[in-house]
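Only one structure is covered here, and it is reproduced in the block below.
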There are 2 protein chains.
Amino acid sequence: MAEGAQILIVDDEPQIRRFLRISLEANGYCIHEAATGHDAILKTAQLRPDLIILDMGLPDSDGLDVVRRLREWTKTPVIILSVRDSDQDKVDALDAGADDYLTKPFSMDELMARIRTAQRHAQPQQEEIVFTSGRLKVDLSRRVVTINGEPVKLTRTEYALLRLLIQHAGKVLTHQQILREVWGPEYIHETHYLRVYFAQLRQKIEENPALPEIIITEPGVGYRLVRV
Amino acid sequence: MAEGAQILIVDDEPQIRRFLRISLEANGYCIHEAATGHDAILKTAQLRPDLIILDMGLPDSDGLDVVRRLREWTKTPVIILSVRDSDQDKVDALDAGADDYLTKPFSMDELMARIRTAQRHAQPQQEEIVFTSGRLKVDLSRRVVTINGEPVKLTRTEYALLRLLIQHAGKVLTHQQILREVWGPEYIHETHYLRVYFAQLRQKIEENPALPEIIITEPGVGYRLVRV
DNA sequence: GGGATGTATCAAAAAAACATCAAAAAAAAC
DNA sequence: GTTTTTTTTGATGTTTTTTTGATACATCCC
């Protein structure tokens with residue numbers, strides 16, 4: 001998340017944009033630029049950046065207005081840069097919905113730290129991703145598999161296999177696809193592995209492994225996980 | 001939410017606490033006070049304030065340590081007040097987990113605006129200070145571990161390991177994740193450390209270390225703390 | 001029906017991963 | 001500056017998982 005985060009720089013002076021771009025890209029961020037308030041709102045809607053660095057002195061509109069306009073529909077963190085150091089300016093910007101306010105000239109280190117802080121704030125609580133098919137339940141965020149609520153212990157490879165099937169639930173995965181994804185490209189001819197591992201997996205998650213209901217064999221092609 | 005929000009003021013100078021109290025109470029906040037770092041952590045656990053205003057210059061401990069200690073178990077917003085204006089101080093404080101940093105002397109209006117901003121960022125969530133799993137109890141605010149009520153002494157690393165597992169209770173943590181968080185990114189290949197330390201930890205908290213019930217090994221993947 | 005191909009299952013051998021003990025080195029406490 | 005605690009390193013035995021091999025079953029096509 002922190003690596004490669006998208007940042008939109010909004011400033012009318014090209015040399016400041018360039019300076020920020022170089023510094024931030026050196027720290028692994030992915031940079032977009034906008035020169036006007038209008039452009040900032042447009043690009044935010046278009047690119048959905050993870051963070052916005054907004055200069056207050058824009059030619060076409062007041063920085064405050066830009067923040068207010070943005071806050072009408074997005075909570076993307078906004079860090080204000082401004083030459084104005086008065087209390088009132090800071091209060092107005094923060095109350096308009098900005099997340100932080102830095103006075104020029106500012107230290108790049110401090111900006112970087114405040115970007116990290118803003119990103120922490122933006123993090124939504126991670127929702128749990130659970131796949132369900134009949135009696136089978138797979139909590140992908142916890143790496144926990146249950147059958148009728150009973151926890152099932154899977155080995156690393158068994159779990160990798162199941163997860164791959166879940167990611168393509170309903171679709172047929174060919175032998176080669178499975179072998180390449182789970183074991184690696186050099187294993188694509190080891191079809192015997194599939195026999196052994198699907199048997200093991202079925203033993204653990206199917207009610208009657210001889211009449212599988214969750215993992216279906218497509219003879220001559222591959223395997224498929226039934227989506228319920 | 002904003003009205004009547006509880007704020008904990010941490011400063012060793014009574015006159016500053018008094019000044020802040022009067023100003024903030026005039027704005028409808030409910031104020032609590034602490035004079036030391038130790039007291040700050042205690043009162044935070046006790047009173048569960050909505051926000052903490054923390055002076056960096058405390059007599060008993062470094063302000064940074066206080067922030068780090070707090071961040072071990074709570075996300076309550078922390079606004080730092082400090083006489084020190086260097087970049088490094090700001091970066092350190094923010095990276096330790098502080099939400100904002102104001103240099104003394106500061107404007108009351110700005111502080112007020114930054115309090116409002118911090119409150120917007122606050123995610124309302126009931127954090128558990130005491131984690132329980134079977135016979136194990138861990139008071140995260142006091143760093144006290146007990147098993148059947150009996151205090152258990154853990155080394156710094158053992159505790160860091162246990163705390164990491166608790167923060168992700170129920171989830172599988174991979175070897176790399178654990179090594180990176182506890183020892184640092186340069187240790188991600190030292191899987192042997194995990195063997196040694198998990199053995200030690202189990203020796204101390206498991207009834208029968210050979211048949212662990214709290215810390216489960218997921219072979220080839222990592223470890224998981226069972227949530228009861 | 002009968003061979004050919006593809007599949008399922010069981011069980012062993014081999015490999016990898018893990019637990020544990022203990023000594024050496026480093027760090028912390030006194 | 002010495003003692004104590006903690007961390008790091010090394011060696012050894014155990015468990016778990018993966019790989020390999022053997023065998024049986026099913027289905028398709030001739």
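Chain A is the first sequence line, chain B the second, and so forth, proteins listed ahead of strands; every chain is numbered from 1.
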> Considering all heavy atoms of both residues, which atom of B:Leu102 and which atom of B:Leu111 are nearest to each other, and what is their separation?
Replying inline: CD1-CD1, 3.6 Å
Give me the distances for all protein-to-nucleotides 14-17 of chain D N/O pairs that come in under 3.5 Å?
none

> Heavy-atom contacts under 4.0 Å between residues 207-216 of chain B and DNA chain C, which residues?
Replying inline: B:Pro209, B:Ala210
>> With the threshold set at under 4.0 Å for non-hydrogen atoms, list the residues of residues 221-228 of chain B touching DNA chain C in residue-number order.
In response: B:Tyr223
> Mapping B:Gln200 and A:Tyr193 onto DNA chain D by nearest heavy atom, which one lands closer to the 5' end?
Replying inline: B:Gln200
> If you look only at pairs with a residue in residues 159-180 of chain B, which of them pass as a salt bridge (Lys or Arg N to Asp or Glu O under 4.0 Å), with sequence neighbours excluded?
Replying inline: B:Glu72-B:Arg163
> So does A:Thr217 get a side-chain nitrogen or oxygen closer than 4.0 Å to the phosphate oxygens (OP1/OP2) of C:dA8?
Replying inline: yes
> Within this structure, what is the CD-to-C1' distance between A:Glu206 and C:dT9, rounded to whole angstrom?
Replying inline: 15 Å
>> Could you work out, with side chain to side chain donor-acceptor pair (under 3.5 Å) as the rule, every residue matching A:Thr174, not counting sequence neighbours?
In response: A:Gln177
> Between A:Ser23 and A:Met112, which heavy-atom pair has the shortest distance, and what is it?
Replying inline: O-CE, 3.9 Å
> In this structure, are over 12 heavy atoms from other groups packed under 6.0 Å from B:Lys75 atom NZ?
Replying inline: no
> Salt-bridged, B:Asp87 to B:Lys90, with N to O below 4.0 Å?
Replying inline: no
> OP1, OP2 of C:dT20 versus side-chain N and O of B:Arg195: anything below 4.0 Å?
Replying inline: no
> Does B:Arg114 come within less than 4.0 Å of A:Asp100, counting only side-chain N to carboxylate O?
Replying inline: yes
>> Test your reading of the model: is there a side-chain donor-acceptor pair from B:Ser133 to the backbone of B:Leu136, 3.5 Å cut-off?
In response: no
> Rounded to the nearest Å, what distance is computed from the CG atom of residue A:Leu201 to the P atom of nucleotide C:dA8?
Replying inline: 12 Å
> Salt-bridged, B:Glu127 to B:Arg48, with N to O below 4.0 Å?
Replying inline: yes
>> Counting neighbours of NZ on B:Lys104 that are heavy atoms of other residues, nucleotides or ligands and sit closer than 6.0 Å, is the number greater than 12?
In response: yes
> Taking only residues two or more places apart in sequence, or in another chain, which ones meet B:Arg120 in a side chain to side chain donor-acceptor pair (under 3.5 Å)?
Replying inline: none
>> So A:Gln203, base contact, sugar-phosphate only, or nothing? Heavy-atom distance under 4.0 Å.
In response: sugar-phosphate
> With no hydrogens and no angle check, do the side chains of A:His121 and A:Asp99 hold a donor and an acceptor under 3.5 Å apart?
Replying inline: no
>> Taking atom NZ as the centre, does A:Lys204 end up with more than 12 heavy-atom neighbours from other residues, nucleotides or ligands that are less than 6.0 angstrom away?
In response: yes
> Heavy atom of residues 159-191 of chain B under 4.0 Å from DNA chain C: which residues?
Replying inline: B:His175
> Can you find a side-chain donor-acceptor pair between B:Thr76 and B:Thr74 that sits under 3.5 Å?
Replying inline: yes
Please list, pair by pair, any protein nitrogen or oxygen found under 3.5 Å from a nitrogen or oxygen in nucleotides 23-30 of chain D.
none

> With sequence neighbours excluded, what pairs up with A:Tyr197 under the ring-ring contact (aromatic ring centres under 6.0 Å, His included) test?
Replying inline: A:Trp183
>> Checking B:Arg227 now: which residues fulfil salt bridge (charged side-chain N to carboxylate O under 4.0 Å, His left out) with it, not counting sequence neighbours?
In response: B:Glu128
> How many angstroms lie between CG in B:Asp139 and OG1 in B:Thr132, if you round to the nearest 0.5 Å?
Replying inline: 10.0 Å
> Which residues pass the side chain to side chain contact (heavy atoms under 4.5 Å, CB included) test with B:Pro49, sequence neighbours left out?
Replying inline: B:Gln6, B:Leu8, B:Thr44, B:Leu47, B:Ile52
>> How bent is the helix from C:dG1-D:dC30 to C:dC30-D:dG1, measuring the angle between the end axes built from five pairs each, rounded to 10°?
In response: 30°
